[in-house]
Q: 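Attaching a single structure in structure tokens format; questions to follow.
Counting starts at 1 for both ligands and their atoms, in listed order. Every value quoted in this text rests on a predicted model; they were computed, and no experiment measured them.
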Amino acid sequence: MKKIQMVDLQSQYQKIKNIVDVSIQEVLNTSAYINGPYVHEFQSDLEKYLDVKHVIPCANGTDALQIAMMGLGLQPGDEVITADFTFAATVEVIGLLNLTPVLVDVEPDTFNIDINALKKAITPKTKAIVPVHLFGQCANMEAVLNIAKEHNLFVIEDNAQAIGANYTFSNGTVKKAGTMGHVGTTSFFPSKNLGCYGDGGAIFTNDDALAHTLRGMVNHGMYKRYYHDVVGVNSRLDSIQAAVLKAKLPLLDQYCDARRAAAAYYSNALANHPSVITPTISEFTTHVFHQYTLRITNGKRNELHQHLLDKNIPNAIYYPVPLHAQKAYQDERYNENDFKVTNQLIDEVISLPMHTELDTEQLEYITKTIIDFLN
Ligand SMILES: *Cc1c(COP(=O)(O)O)cnc(C)c1O
């Protein structure tokens, strides 16, 4: 059996080596390392794929979130609501900009922001909501957008984990994850569903004026060379990463299908076990399985984690600490009773190997090892 990896980037690369190598060589031959043609080509390919008016490439998914918040003009003291159960980048940039993070609990079945908790958290100071499409399926965007409209709030979708997922509104309209709010952000970190071979990220919006602001902000606040109209940052997607992404974007739907097939295998094998809760997919979204995350309900999650490692099955706890309990983000405003679900999830979740190259032999070994351990 091929060695099982959490993410197998090498096997994926071998299948696209020809096209990727030629593209990277072309960047080397032209030395157009920054702002070369591949950056513009990838940007326009991604705009078409997502059916969004503007893609603004940048250096990583954390910058994308920060620049989106800067572009919307959020000011120190403004409250920004996001989920307690997510990667720290989301709350980190809120803190960096001296905005006030307001963390709220998530739903036990989808791990996405809890709509009632979100409603309860709104105050006169609330300016924005950051739904995170965690592990690859969309948060309840129809509800989020309705609440935002009612209270005149911005919606910034953190789409680092769900690029390629589709959301269906109750009127039948289908949109891509990341294109429903005022602005969406993503990451092209190598292990993300559309990953480059270094760091990369992008911001999406359908708002022409905001797009213009953002394009300057990623480049030192310059709209004309050496004229700095606003305080910006230096956050660029380089040409080599853009070349890799241009080669991989046409394969993204295929990659999502491969992840879904692996997830279906896992769920078929594990769904009936009394100590296991397999992922639930909301009716309004497709799932692109950035992570395949089980809940282990018999109190043996940590033992299972170690047992799988002993059996050479990599696995991970995403996330082991809720954001409200992280040293950097603790705040006396928070009350443990408001985080019942997150506090439970951190003891139950375990993410299994998930990537585009898992084969049946590996999946069979992984699921059999889990069932043997739990029985
Ligand atoms: C990966 C990730 C980010 C940050 O992306 P980087 O490119 O690593 O900066 C932000 N939010 C979420 C939910 C992520 O998973």
Side-chain angles (χ1 to χ4, degrees), residues 6-7 9 42 46 55-70 80-97 99 101 103-104 106-107 110-113 128-139 141 144 155-165 177-178 181 183-204 218 233-238 240-242 244-245 248 259 285 287-293 316-324 326 328-329 342 345-346 349 351 354-355:
M6 197 66 191
V7 179
L9 296 176
F42 169 65
L46 189 58
V55 166
I56 298 102
C58 65
N60 58 67
T62 308
D63 277 5
L65 281 163
Q66 179 184 330
I67 297 158
M69 289 178 199
M70 289 165 60
V80 179
I81 303 175
T82 193
D84 190 36
F85 190 65
T86 174
F87 181 58
T90 325
V91 71
E92 180 177 44
V93 299
I94 298 172
L96 271 175
L97 293 173
L99 312 174
L103 296 168
V104 299
V106 297
E107 301 174 336
T110 66
F111 313 139
N112 276 324
I113 195 161
I129 308 169
V130 186
V132 182
H133 302 317
L134 201 74
F135 298 157
Q137 70 170 318
C138 294
M141 284 304 291
V144 169
V155 175
I156 303 160
E157 294 174 74
D158 182 346
N159 193 34
Q161 301 192 1
I163 195 160
V183 59
T185 65
T186 202
S187 163
F188 304 122
F189 186 77
S191 65
K192 299 282 155 100
N193 289 28
L194 179 61
C196 56
Y197 297 163
D199 274 309
I203 313 169
F204 321 134
V218 298
V233 294
N234 173 14
S235 185
R236 293 182 283 239
L237 180 72
D238 70 71
I240 289 181
Q241 302 312 329
V244 172
L245 289 165
K248 286 179 78 172
R259 287 171 176 275
T285 177
H287 202 317
V288 294
F289 288 100
H290 175 59
Q291 298 296 341
Y292 182 89
T293 304
I317 312 299
Y318 300 127
Y319 296 91
V321 182
L323 289 181
H324 79 270
Q326 295 281 3
Y329 305 110
T342 306
L345 290 176
I346 56 158
V349 290
S351 296
M354 176 48 74
H355 52 81

Q: So if I count the atoms of ligand 1 from 1 in the order they appear, which ones are less than 4.0 Å from some heavy atom of N60?
A: 7 (O), 9 (O)

Q: Nearest to atom 9 (O) of ligand 1, what protein heavy atom do you find, and at what distance?
A: T62 OG1, 2.5 Å

Q: Once you round to the nearest 0.5 Å, how far does CD1 of I94 lie from CD1 of I156?
A: 7.5 Å

Q: May I ask you to decide if the ring planes of Y319 and F135 are parallel, tilted or perpendicular, using 30° and 60° as cut-offs?
A: parallel

Q: Drop me the distance from L237's CG to N60's CG, to the nearest 0.5 angstrom.
A: 10.5 Å

Q: List the closest protein heavy-atom neighbour of atom 8 (O) of ligand 1: residue, atom name, distance to the nearest 0.1 Å.
A: S187 OG, 4.0 Å

Q: May I ask you to identify, for K192, whether its side chain, its backbone, both or neither come under 4.0 Å of ligand 1 on a heavy-atom basis?
A: side chain

Q: Please find out if less than 6.0 Å separates the ring center of F42 from that of F188.
A: yes

Q: Is T185 touching ligand 1 with its side chain, its backbone, both, or neither, if touching means heavy atoms under 4.0 Å apart?
A: neither

Q: Under a plain distance cut-off of 3.5 Å, with no hydrogens placed, do N193 and H290 share a side-chain donor-acceptor pair?
A: yes

Q: Side chain, backbone, both or neither: which part of V132 has a heavy atom under 4.0 Å from ligand 1?
A: side chain

Q: Q161 versus ligand 1: do any nitrogen or oxygen atoms come within less than 3.5 Å of each other?
A: yes

Q: Which is closest to atom 12 (C) of ligand 1 by heavy-atom distance: A162, A83, G61, A160?
A: A160

Q: Answer side chain, backbone, both or neither: which part of D158 comes under 4.0 Å from ligand 1, heavy atoms only.
A: side chain

Q: In ligand 1, which numbered atoms sit nearer than 4.0 Å to a non-hydrogen atom of T86?
A: 13 (C)

Q: If you look at every heavy atom in A162 and Q137, which pair is closest and at what distance?
A: CB-N, 4.4 Å

Q: So how far is it from L46 CG to L194 CG, rounded to the nearest 0.5 Å?
A: 7.0 Å

